[in-house]
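What's counted below: heavy atoms across the whole structure, side chains too, no hydrogens, waters or symmetry copies.
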Amino acid sequence: MVELAKKVIDKYGHIDILINNGGISQRSKALETAVEVDRKIMEVNFFGAVALTKAVLPYMIAQKSGYIVSLSSLMGKIGFYNRTGYSASKHALHGFFDSLRLEFRIRI
């Protein structure tokens with residue numbers, strides 16, 4: 001991810017906005033869902049957004065501007081049957097980005 005962010009900076013000179021919108025879903029009962037599926041959902045939905053954000057954020061700090069948007073789901077606020085892994089990944093996004101927002105409010 002860091003290499004990709006650098007390529008964008010090298011080509012365009014800055015990054016104004018990052019929109020984290022990638023994700024996969026799941027429709028199965030918790031006990032019928034393999035742990036490998038839960039891990040894949042977390043890897044894509046949570047760690048993908050975190051890795052990309054951490055790659056881009058230093059450039060935004062250096063340029064003293066930029067916006068990060070992370071799209072989630074209602075299931076990031078409330079659980080829903082047959083969506084345990086998906087809901088967990090969206091809850092994790094809310095926790096990470098709420099905390100990140102607070103870190104930068106304190107910095108300013």
*Remaining members of L71's ILVMFWY cluster at a side-chain heavy-atom cut-off under 4.5 Å?*
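Listed partners: I17, I19, Y67, V69.
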
*Cluster partners of V2, using ILVMFWY side-chain heavy atoms under 4.5 angstrom, listed by chain and number?*
none

*Find the distance between CD (Q63) and CD1 (I9) and round it off to the nearest 0.5 Å.*
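These two atoms lie 5.5 Å from each other.
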
Distance-only donor-acceptor pairs under 3.5 Å for side chains of residues 30-37, two or more places apart:
residue	atom	partner	partner atom	Å
T33	OG1	S28	OG	2.4
T33	OG1	K29	O	2.8

Contact summary for [X] and [Y], nearest pair of heavy atoms:
X: S70; Y: L93; value: OG-CD2, 4.0 Å
X: I41; Y: S89; value: CG2-OG, 3.7 Å
X: I24; Y: Y86; value: O-CD1, 3.2 Å
X: G22; Y: N45; value: O-OD1, 4.4 Å
X: S72; Y: H94; value: OG-NE2, 2.9 Å

For [X], enumerate each residue passing the side-chain contact (heavy atoms from CB on, under 4.5 Å) test, keeping only those at least two apart in sequence or located in another chain.
X: K54; value: V50, F96
X: V56; value: A5, I15, L18, L52, M60
X: S87; value: M75, H91

*Below 4.5 Å, heavy atoms only, C-beta onward: do I68 and F104 meet side chain to side chain?*
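Answer no - side chains too far apart.
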
_With heavy-atom distances below 4.5 Å as the criterion, would you say the side chains of V8 and Y59 are in contact?_
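The answer is no; the side chains never approach within 4.5 Å.
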
*For D10, what residues pass the salt bridge (charged side-chain N to carboxylate O under 4.0 Å, His left out) criterion, not counting sequence neighbours?*
K6

Could I get the full list of side chain to side chain donor-acceptor pair (under 3.5 Å) partners for [X], not counting sequence neighbours?
X: D38; result: none
X: S65; result: none
X: D98; result: R101
X: T84; result: none

*Please, which pairs that meet salt bridge (Lys or Arg N to Asp or Glu O under 4.0 Å) have at least one residue in residues 76-91, sequence neighbours excluded?*
none

